[in-house]
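These notes concern the structure reproduced below.
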Amino acid sequence: MRSLDLRVGKRLLWVGTAAYPLQNITRVYTFTLTPRRKDATMLFLKRAALTLTVAFGLTILGALSAIGNQSLAGGILTFTWLGAIGALVFSLVEMFSVVGAPPQYVLAVETSGPSIAMVTSSDPRQLDQLVAPIVQAIENPEAEFQVKVEQLFVNPKNYHFGDNVNMYGGSGNVGVGHS
């Protein structure tokens, strides 16, 4: 994380060097961004199962080729298990980078387009208190303010941003199904 300015002036919201026209802001809110720990664990288990299946399959092939050429079989087995161990270590490190990631309390600013700005602070109350001034700035063109916040660098695939809702058809749609 690094510190940056969040300021409002002349009908623009500046988050660091990115400018968002206030009239294009559709939603300002705070929430807790949680890591996808379950998904990361399941992905690791799938990768481990696939890696070990391939390694055991190649071990069997190596054992069968040992009948004809002993040194070739030893090379295949060494290469197979070094590759399997490397893949498992890589998968394990990737899983722990997600599992060990802390939840982040963020202020999100969404626009009418695909843009979203997310900032965080070590003090969640600061973020909660920023929602009202930003909304007031949207309603009041003369409003100006500036505060220091922290910029959040996350890999979006590692965090759960909320429910994805895809709705097809028009009538009788109620609730959100969770799978």
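Because the structure is predicted, anything quoted here is derived from the model rather than measured.
Under the side-chain hydrogen bond (donor to acceptor under 3.5 Å, both in side chains) criterion, Glu110 pairs with Arg27, Tyr29, not counting sequence neighbours. Residues that satisfy the salt bridge (charged side-chain N to carboxylate O under 4.0 Å, His left out) test with Asp5, not counting sequence neighbours, are Lys148. Scanning for side-chain contact (heavy atoms from CB on, under 4.5 Å) contacts around Val93 gives Val89, with sequence neighbours left out. Residues meeting the side-chain contact (heavy atoms from CB on, under 4.5 Å) test with Thr78, sequence neighbours left out: Leu82.
Closest heavy-atom contact between Tyr105 and Leu127: O-CD1, 3.3 Å. Summarising the geometry of Arg37 relative to Pro103, their closest heavy-atom pair is NH2-CD, 3.8 Å, with the distance given to 0.1 Å.
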Tell me which donor-acceptor pairs under 3.5 Å the side chains of residues 55-63 have, and how far apart each pair is, sequence neighbours excluded?
from, atom 1, to, atom 2, distance (Å)
Thr59, OG1, Ala55, O, 2.7
Thr59, OG1, Trp81, NE1, 2.8

Determine all donor-acceptor pairs shorter than 3.5 Å in which one atom belongs to a side chain in residues 7-25; sequence neighbours excluded.
from, atom 1, to, atom 2, distance (Å)
Arg11, NH1, Ala137, O, 3.2
Arg11, NH1, Ile138, O, 3.3

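Under the 4.5 Å side-chain heavy-atom criterion for Ile, Leu, Val, Met, Phe, Trp and Tyr, Met42 and Leu92 are members of the same hydrophobic cluster. In the hydrophobic clustering of ILVMFWY residues, with side-chain heavy atoms under 4.5 Å counting as a link, Val99 and Phe90 come out apart.
By the 4.5 Å heavy-atom criterion applied to side chains, Leu52 and Leu88 are counted as neighbours. Side chains of Arg47 and Met95 form no contact here, defined as non-hydrogen atoms less than 4.5 Å apart. Between Ile134 and Leu6, the closest side-chain pair of non-hydrogen atoms falls below 4.5 Å. Within the 4.5 Å cutoff, no side-chain heavy atoms of Thr111 are placed close to those of Thr26.
Here the CG atom belonging to Leu43 is positioned 6.5 Å from the CD atom belonging to Glu94, to the nearest 0.5 angstrom. To the nearest 0.5 Å, atom OG1 of residue Thr30 and atom CD of residue Gln129 are 11.0 Å apart.
The environment of Phe145 atom CZ is dense: over 12 non-hydrogen atoms of other residues, nucleotides or ligands sit within 6.0 angstrom.
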Original post:
How far apart are the C-alpha atoms of Leu130 and Val147, what are their side-chain angles, what is the distance that settles it, and do they pass the side chain to side chain contact (heavy atoms under 4.5 Å, CB included) test?
Top reply: CA-CA 9 Å; Leu130 282 174; Val147 329; 3.8 Å; yes
